[in-house]
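First comes the structure, then the notes that go with it.
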Amino acid sequence: MNEVPALELNNVSSGYNRQAVLHDINFKLHEPSIYVVLGPNGAGKTTMFRTIAGILEPFSGRILLDGQNVTASTQARTRISYLSQYNAMPEEMTVYEGLKFYSSMVGGDPDKAIELLDLGQLKNKKFSDLSQGQKKRAAVAKVFLTERDLYLLDEPTANLDPAVSKEIRDIILKISKDKMILYSSHNLYEATDIGTYLILIKNGSITMLDRISNIRPKNYRVGIKTSTDITRIVDAKHEGDYYILSVSSPEEAGLALKKIVEKGILVTEMRQLDNPLQELFETPNTKKTLENAQNAE
Amino acid sequence: MPSNTLVFAKRSLSLSKIQAGVGLFIAAFGIFAIVAITLFAGSSSARFFLLPVSFMAFGMLMFPTPVILLYVYDKNNGVLEYLLSLGWNQRDIFRQYLKAALFLALVLFIAESIAVIIAGAIAGSQAVFLLDLLVLLLTAFLGFSVVSLVTVSMMAFSSLQKQRVGANSPLALVIGVVFIFPTFYLSFLGFIPEFIVELSLSSLASALSAALLILSSRFIRREKMLP
């Protein structure tokens, strides 16, 4: 396994036209994993990615990749791959020509990237003639022309259909075994599906950095589909196809299920109705560092 | 930073051919003028010998205009942002597009030179041939310096990237017109004053574009290149 680099942001403030969007960002990441950067629109996700990628110069603070200052060192920046929300492919070129255009600058083999993203049938089509999903796949391919230490993926699955989104997430999951990936999204379900860590950003500040598995909501709403009425056995409300249980922990939901099954009732489905990350958008959070989260394990 | 001059030049022409066509037409008019003066009038019409410089330099300004359109296009679809993420800085990006613009101007200038040299050689007079070479020298100096100034200033100042009142070309082109247009009237002043003024304008344009290019990475913010 390759040695995984450490990404460190020290008191980083950054923005546009001398207006700060990010305020005193501090964190250090050193584990190969997918770090989902979550936040509402305008929170500063893209600005953070652009600053880490060296596109924007921070107003203050330093960004270090293995101790190398990303802003000052071109060499450090060549260890980072950035996928922006824009496709950034020359529209008048074919997919192959576009990838070759970039490979002449960064190296790598366009054919391998085409194979990785399953673009064989599209390689000779003009980029401007592709559908939105196909364009996104081609744009993602350029990020994987060469192997990098750190990948910054800004909403890579935005506006894509579920099948293409899953394909792209699978590729990202595959490379995340020995790479550090920062993946921005405002889709809570996608975040829990792909991420190991969560970086929550609000109003330009990091409000949480923790393992997603450590994030427990205060209330769980569990939907249960059964063959008969269970409202006399457990405290549940009947809504649509489900009986809804409000519990304070997954264990409590398990006990309720046990009670129902012991009465000989057939349970056909049971699932958590709300995303555990939902509350993070609704309630103010206390700052939690990655170190604390790792110590707690 | 690898050189992709040819790729950028080809991309520009595939994006828009109208301006390049207009450039060719104006340059052809200049070539026709110099050939006519050289072959039929001889050295006695020295007063008007520098008039074709204005046409040929104006052609050189128009011919690479697609490069500045490509810059705006690449900025809007995120290509410039991606180039910055690859470790390029503002000056690297400016240089890449500038080289493509100068390359296209060079292609046209070579065509102009061949036509003028052939006409000069046919005329037979050494004086006329030397005047033709002087015309080419002045055309090169004025043409390349104005192309540089227009390209670099358009990249440096986003307000010059706008296309006003239905115009098909960015506003920056006006800067080039301001430098070249007065030279059309300079023939009335006489050969020597015209030569001095054109040399001065070319020097000024060169100095301004070099200063902008050198200062670009210090004074031009990266966010100006973001979509």
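Proteins come first, then strands; the chains are lettered A, B, ... in the order of their sequence lines, and each starts at number 1.
Dense packing is recorded around CG of A:N69, with more than 12 heavy atoms of other residues, nucleotides or ligands lying under 6.0 Å away. Shown here is B:F184, whose CZ atom has more than 12 heavy atoms of other residues, nucleotides or ligands within 6.0 Å. More than 12 heavy atoms of other residues, nucleotides or ligands lie within 6.0 Å of CD in A:Q68, so this atom counts as buried by the packing criterion. Summarising the local packing, NZ of B:K10 is surrounded by 12 or fewer heavy atoms from other residues, nucleotides or ligands at distances under 6.0 Å.
The contact list for residues 130-138 of chain A toward chain B, using heavy atoms and a distance under 4.5 Å, is empty.
Results of the side-chain contact (heavy atoms from CB on, under 4.5 Å) test with A:E91 over B:V79, B:L15, B:N77 single out B:N77 as the only residue that passes.
Electrostatic pairing of B:R221 and A:E57 does not count as a salt bridge here, judged by no charged N lying under 4.0 Å from a carboxylate O.
In this structure, CD on A:Q85 lies 8.5 Å from CD on B:E81, to the nearest 0.5 angstrom. To the nearest 0.5 Å, the span separating OG on B:S85 from CG on A:L83 amounts to 9.5 Å. Atom OG of residue B:S12 and atom CD of residue A:E92 lie 8.5 Å apart, to the nearest 0.5 angstrom. Going from atom CD1 of A:I55 over to atom CG of B:N89 covers 13.0 Å, rounded to the nearest 0.5 Å.
Considering only heavy atoms from C-beta on, A:S104 comes within 4.5 Å of B:N4 through its side chain. Contact of the B:L86 side chain with the A:T78 side chain is not registered, since no non-hydrogen atoms from C-beta on lie closer than 4.5 Å. Here the side chains of B:L226 and A:L56 are in contact, with some heavy-atom distance below 4.5 Å. The shortest side-chain heavy-atom distance between A:R50 and B:E223 does not fall under the 4.5 Å cut-off. No side-chain heavy atom of A:Y16 sits less than 4.5 Å from a side-chain heavy atom of B:R222.
When all heavy atoms of A:A88 and B:G78 are compared, the pair lying nearest together is CB-O, 3.3 Å. A pairwise comparison of heavy atoms in A:T74 and B:G87 identifies CG2-O, 3.5 Å as the closest pair.
For B:I118, the side chain to side chain contact (heavy atoms under 4.5 Å, CB included) criterion is met by B:I114, B:I122, not counting sequence neighbours. Taking the salt bridge (Lys or Arg N to Asp or Glu O under 4.0 Å) definition, one finds that B:D74 meets it with B:R11, sequence neighbours left out.
Among residues at least two apart or in separate chains, ring-ring contact (aromatic ring centres under 6.0 Å, His included) pairs with a member in residues 72-125 of chain A are A:F101-B:F8, A:Y102-B:Y82.
Contacts of A:M93 with chain B are made by side-chain atoms alone, with heavy-atom separations under 4.5 Å and no backbone atom involved.
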